[in-house]
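Because the structure is a prediction, the values reported are computed rather than measured. Convention: sequence-line order gives letters A, B, ...; per-chain numbering from 1. Values below: every heavy atom of this structure, side chains too, minus hydrogens, waters and symmetry copies.
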Amino acid sequence: MARHLITSAIPYINGIKHLGNLVGSQLPADLFARYQRGRGNEVLFLCATDEHGTPAELAATKAGKPVAEYCAEMHEVQAKIAEGFRLSFDHFGRSSSEQNKALTQHFAGVLAEQDLIREVSETQMYSHADGRYLPDRYIEGICPNCGFDSARGDQCDNCTKQLDPVDLINPHSTISGSTDLEMRETKHLYLRQSQMKDQLDAWIDSKTDWPVLTTSIAKKWLHDGDGLQDRGITRDLDWGVPVKKGGEDWPGMEGKVFYVWFDAPIEYIACSQEWVDAGKGEDWERWWRTDKGADDVTYTQFMGKDNVPFHTLSFPCTILGSGEPWKLVDYIKSFNYLNYDGGQFSTSRGRGVFMDQALEILPADYWRWWLMSHAPESSDSEFTWENFQQSVNKDLADVLGNFVSRITKFCRSKFGEEVPAGGAYGDREEAAIKEISDRLKAYEGFMDAIEVRKAANELRAIWVIGNEYLQEAAPWSTFKEDPETAAAQVRFGLNLIRVYAILSAPFIPDASDAMLEAMKSDDKGWPSDIAAALSALGTGHSFAVPENLFRKITDEEREDWQQRFAGTRD
RNA sequence: GGGCCUAUAGCUCAACGGUUAGAGCAGAGCGCUCAUAACGCUUUGGUUCCAGGUUCGAAUCCUGGUGGGCCUACCA
């Protein structure tokens with residue numbers, strides 16, 4: 001039995017994520033996890049909230065709460081929503097956990113021992129009114145280049161020139177508006193990524209089967225300019241993992257915390273410890289330590305393209321640089337962005353559909369199906385309400401839902417609510433079995449390769465076979481002359497429902513459960529042998545006609561939603 | 001400025017140097033009547049963004065444009 005370790009990029013804590021965030025990380029990761037479980041493999045699927053950093057502190061202040069309390073609440077909110085989308089994490093952890101604190105400090109300690117950390121003295125903008133150091137982007141002023149009056153400290157949004165906060169004319173804090181700013185000298189730790197450049201380069205070069213998106217971003221960072229740069233891994237903040245060298249204090253680093261991008265990926269490992277400590281599993285090391293059984297684990301990460309540098313370079317640098325036998329990622333699946341109706345999803349402007357709103361409108365399966373069958377794999381893709389309505393109505397309601405409805409209702413009216421006896425499968429059934437078997441092979445191939453859109457296409461084609469079969473077999477006609485043959489045809493159709501339930505579960509878990517429940521079956525074994533699987537429900541097996549699996553989205557609803565999500569979030 | 005991705009039917013996408021560029025949706029026609037006005041079959045529709053080039057052969061490779069998107073290291 002293969003073992004799959006699967007992680008989704010961990011969503012930031014400061015609010016509810018929109019569908020664009022969901023489509024590139026948590027959802028495809030869940031799809032893959034459910035598929036691997038369905039194939040009978042052992043899976044550990046982990047996700048968490050990313051809780052440290054300036055934005056979390058500011059969001060908490062805005063909400064009028066201590067940051068720890070704010071994070072705890074938002075974690076619960078995100079966990080609830082994840083459950084609503086049927087994201088089947090084995091554990092949904094928190095980067096602020098004690099486990100992650102200890103592990104992050106441990107890694108910093110061993111990296112220091114390996115001489116991969118150096119101290120750098122630099123100047124940072126300090127705001128007296130805010131009582132904190134300000135990241136460059138929280139400082140605005142007049143652009144010295146073009147005169148734009150709200151240029152940010154890192155870059156001017158008007159002329160796109162790269163800036164330094166000290167370049168700005170009349171700089172002020174975007175948090176308080178205060179102009180009482182001062183450049184202060186402060187010391188920070190840098191991870192010497194440049195020392196690991198060749199090793200990382202060779203490692204990326206060996207990953208010839210990774211998505212182009214993943215490797216091209218990694219190579220850009222490795223080879224651009226002077227090559228991979230050392231990176232600051234500490235910040236002057238209150239909220240975060242205190243800087244320590246393992247269990248020891250770090251002289252000169254008092255009051256500082258690790259940078260979120262240092263501790264966030266480490267949470268993948270710490271999360272498995274949380275999973276054990278929560279009593280959900282045991283022995284996390286057999287997933288992470290190659291000296292303790294993780295050698296045969298296949299580790300797959302999912303993320304949007306903005307996360308790629310940290311997963312291809314920074315985190316591997318931490319892992320490899322430690323000199324300890326930690327499991328390194330085997331495959332990085334990255335996604336482009338999902339746009340919303342001619343523009344971008346925007347958290348700040350409330351443009352587009354957010355995860356909580358989506359679930360208020362329609363159940364998870366509708367969203368899961370559309371998002372995965374339109375996943376932005378080769379380029380950015382676009383959500384439009386017209387496309388959503390058409391795809392969901394056609395694929396789910398008409399092709400799959402109606403198939404289940406027509407065969408179960410026909411059986412009930414002619415034979416009653418049990419699998420009818422009589423007749424035998426013949427050439428027509430053999431042909432359908434052959435066709436489904438071929439399609440299933442393709443489906444498995446795409447799912448193994450995490451080709452999400454192509455897998456969805458194949459699955460849909462398998463659903464279509466059911467309707468084609470019914471049309472050709474026409475049990476409603478056969479029944480008049482030859483009820484025995486009609487019985488065999490209906491038996492075949494009913495068995496298809498169970499098979500569809502199993503194959504469709506990664507995409508539409510709720511409908512899958514509803515189909516199995518209707519068929520009164522709890523046999524979820526992967527149908528490797530389609531012929532056998534289509535005889536699993538034997539003569540006399542009782543079933544129930546389910547409620548319609550999917551309702552249709554009306555034109556009125558579509559127009560209503562289009563208006564509602566165009567502007568600001570209420 | 002630099003780099004990467006992308007442009008194929010009205011729409012969303014396949015095709016990764018090799019028959020006549022395919023599929024779903026939308027449109028048209030026919031059939032079916034079990035079913036959620038559902039299903040099936042047939043079918044219309046393409047100067048593969050533009051201009052050159054390489055090749056026996058180019059949507060695919062090269063060069064130069066044009067449009068769209070992303071990244072560029074202190075947001076995470």
Side-chain angles (χ1 to χ4, degrees), chain A residues 9-14 50-56 58 122 124-125 133-139 152-155 160-162 164-165 188 193 211-213 215-217 219-221 223-225 228-232 235-236 259-261 264 304-310 313-314 336-337 339 344 370 373-374 376-382 384 386-387 389-391 393-399 401-414 453-454 456-457 460-461 464 466-479 486 489-490 493 545 547-552:
Chain A
I10 64 179
Y12 200 64
I13 194 72
N14 69 339
D50 178 14
E51 306 192 357
H52 295 136
T54 309
L58 297 179
E122 55 193 11
Q124 282 273 297
M125 200 67 95
Y133 284 91
L134 297 177
D136 292 353
R137 65 160 41 207
Y138 288 101
I139 301 159
R152 287 196 321 225
D154 53 346
Q155 186 179 42
T160 73
K161 189 178 165 61
Q162 310 268 316
D164 211 286
H188 281 296
Q193 298 186 130
V212 183
L213 185 65
T215 50
S216 68
I217 291 173
K219 284 181 178 170
K220 170 69 176 9
W221 281 58
H223 301 138
D224 194 40
L228 188 63
Q229 302 296 298
D230 293 345
R231 192 175 187 105
R235 291 291 182 272
D236 288 296
Y259 177 41
V260 282
W261 263 116
K305 58 184 166 188
D306 50 333
N307 277 320
V308 169
F310 305 100
L313 304 170
S314 310
N336 287 283
Y337 292 147
N339 289 318
Q344 295 192 343
W370 190 90
S373 61
H374 294 79
E377 289 176 302
S378 57
S379 63
D380 291 353
S381 66
E382 175 158 318
T384 63
E386 287 83 359
N387 190 306
Q389 179 194 25
Q390 279 185 356
S391 298
N393 285 356
K394 192 69 189 177
D395 299 347
L396 296 182
D398 295 347
V399 175
N402 183 54
F403 170 77
V404 171
S405 175
R406 66 196 292 207
I407 187 66
T408 51
K409 285 178 182 168
F410 179 75
C411 183
R412 179 174 62 185
S413 75
K414 302 300 184 203
R453 270 190 321 221
K454 288 179 181 174
N457 272 339
R460 185 190 191 280
V464 166
N467 284 312
E468 288 172 350
Y469 169 80
L470 278 190
Q471 185 64 30
E472 269 189 49
W476 48 90
S477 301
T478 319
F479 184 77
Q489 291 168 338
V490 168
V545 174
E547 291 295 305
N548 284 341
L549 293 179
F550 301 98
R551 71 178 187 83
K552 295 214 200 192

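- How far CG of A/Leu228 is from OG of A/Ser314: 7.5 Å, rounded to the nearest 0.5 Å.
- Mapping A/Ser373 and A/Ala474 onto RNA chain B by nearest heavy atom places A/Ser373 at the nucleotide closer to the 5' end.
- Taking atom CZ on A/Arg406 and atom C1' on B/A37, their separation rounds to 14 Å, with Å as the unit.
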Anything under 3.5 Å between a protein N or O and an N or O of nucleotides 25-28 of chain B, put it in a table, one pair a line.
unit_1: B/C25; atom_1: O2'; unit_2: A/Gln390; atom_2: OE1; d: 2.9

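- In this structure, A/Val545 reaches neither bases nor backbone, as no heavy-atom distance under 4.0 Å exists between it and the strands shown.
- At the heavy-atom level, A/Thr408 lies nowhere under 4.0 Å from the strands shown.
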Notebook entry, point to check: In the 5'-to-3' direction, what one-character label does each nucleotide of nucleotides 71-76 of chain B receive under the scheme B = base within less than 4.0 Å of a protein heavy atom, S = sugar-phosphate only, - = no such atom?
Noted result: SSBBBB
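- At a threshold of 4.5 Å between non-hydrogen side-chain atoms, the residues A/Pro55 and A/Tyr138 count as touching.
- Only the C1' atoms considered, B/G52 is 31 Å distant from B/C71, to the nearest whole Å.
- Between A/Trp476 and A/Arg406 the shortest heavy-atom distance is CH2-NH2, 3.7 Å.
- Distance noted for atom P between B/A14 and B/G24: 16 Å (whole Å).
- Remark: P of B/C39 and CG of A/Asn467 are 7 Å apart, rounded to the nearest angstrom.
- Picking from B/U33, B/C13, B/A35 the nucleotide with the shortest atom distance to the side chain of A/Trp476 gives B/U33.
- Counting distance only, with no hydrogens placed and no angle test, the side-chain atoms of A/Asn402 and the base atoms of B/A35 include a donor-acceptor pair under 3.5 Å.
- Judged by Watson-Crick or G-U wobble contacts below 3.5 Å, the nucleotide B/G1 has B/U72 as its partner.
- Distance noted for atom C1' between B/G65 and B/U55: 23 Å (whole Å).
- B/A28 is paired with B/U42 under the criterion used here, namely a Watson-Crick or G-U wobble arrangement in which both key atom distances are under 3.5 Å.
- Nucleotide B/G31 holds its P atom 18 Å from the CD atom of A/Glu472, rounded to whole Å.
- The nearest whole Å value for the distance from the CD atom in A/Glu377 to the C1' atom in B/U12 is 14 Å.
- Closest approach to the A/Asn548 side chain among B/A14, B/U36, B/U6 is made by B/U36 (side chain taken as heavy atoms from C-beta onward).
- For the P atom pair drawn from B/A38 and B/A76, the interatomic distance equals 50 Å after rounding to whole Å.
- Distance check on atom C1': B/G57 versus B/U6 gives 26 Å, rounded to whole Å.
- Computed from coordinates, the A/Glu382 CD to B/G69 P distance equals 11 Å when rounded to whole Å.
- With a cut-off of 3.5 Å on both pairing distances, the Watson-Crick or G-U wobble partner of B/A7 is B/U66.
- From A/Ser378, atom OG reaches atom CZ of A/Arg453 across 4.0 Å, with rounding to the nearest 0.5 Å.
- Between A/Asp398 atom CG and A/Leu396 atom CG the span is 9.5 Å, to the nearest 0.5 Å.
- Aromatic ring pairs are classed by plane angle as parallel below 30°, tilted from 30° to 60° and perpendicular above 60°; the pair A/Phe310 and A/Trp261 is parallel.
- Among the heavy atoms of the strands lying under 4.0 Å from A/Leu549 is at least one base atom, whether or not backbone atoms are also near.
- Computed from coordinates, the A/His374 NE2 to B/C11 P distance equals 14 Å when rounded to whole Å.
- Residues A/Ser381 and A/Asn336 have side chains not in contact (no heavy-atom distance under 4.5 Å, counting atoms from C-beta outward).
- When both pairing distances are held under 3.5 Å, B/U19 makes no Watson-Crick or G-U pair with any nucleotide shown.
- To the nearest whole angstrom, the two C1' atoms, one in B/U20 and one in B/G46, are 13 Å apart.
- Nucleotides B/G10 and B/U42, compared at atom P, are 22 Å apart to the nearest Å.
- Rounded to whole angstrom, the span from the OH atom of A/Tyr469 across to the P atom of B/C41 amounts to 16 Å.
- Within the nucleic acid shown, A/Arg551 has no heavy atom closer than 4.0 Å to any nucleic acid atom.
- Remark: B/A58 base-pairs with no nucleotide; criterion is Watson-Crick or G-U wobble with both hydrogen-bond distances under 3.5 Å.
- Between A/Thr478 atom OG1 and A/Lys414 atom NZ the span is 12.0 Å, to the nearest 0.5 Å.
- A donor-acceptor distance shorter than 3.5 angstrom exists from the side chain of A/Tyr12 to the backbone of A/Ala56, with no hydrogens or angles considered.
- Separating the CE atom in A/Met125 from the CG atom in A/Asp136 is a distance of 8.0 Å, to the nearest 0.5 Å.
- Base-pair partner of B/A37: not found among the strands shown (Watson-Crick or G-U wobble, both distances under 3.5 Å).
- In this structure, a donor-acceptor pair under 3.5 Å is present between the side chains of A/Ser391 and A/Asn387.
- Taking every side-chain heavy atom of A/Asn387 into account, B/U12 is the closest of B/A35, B/U12, B/U36.
- When the P atom is used for both B/G45 and B/G22, the distance is 13 Å, rounded to whole Å.
- Once rounded to the nearest 0.5 Å, the distance linking CG of A/Asp380 with CG of A/Asn339 reads 5.5 Å.
- For A/Leu470 and B/C34, the CG to P distance is 12 Å, given to the nearest whole Å.
- Residue-level contact check: A/Ser381 touches the backbone only, with heavy atoms under 4.0 Å from sugar-phosphate atoms and none from bases.
- The listed nucleotides are B/C34, B/U36, B/C41; the one nearest the side chain of A/Glu468 is B/C41.
- Between A/Lys409 and B/U36 there is a side-chain polar atom (N or O) within less than 4.0 angstrom of OP1 or OP2.
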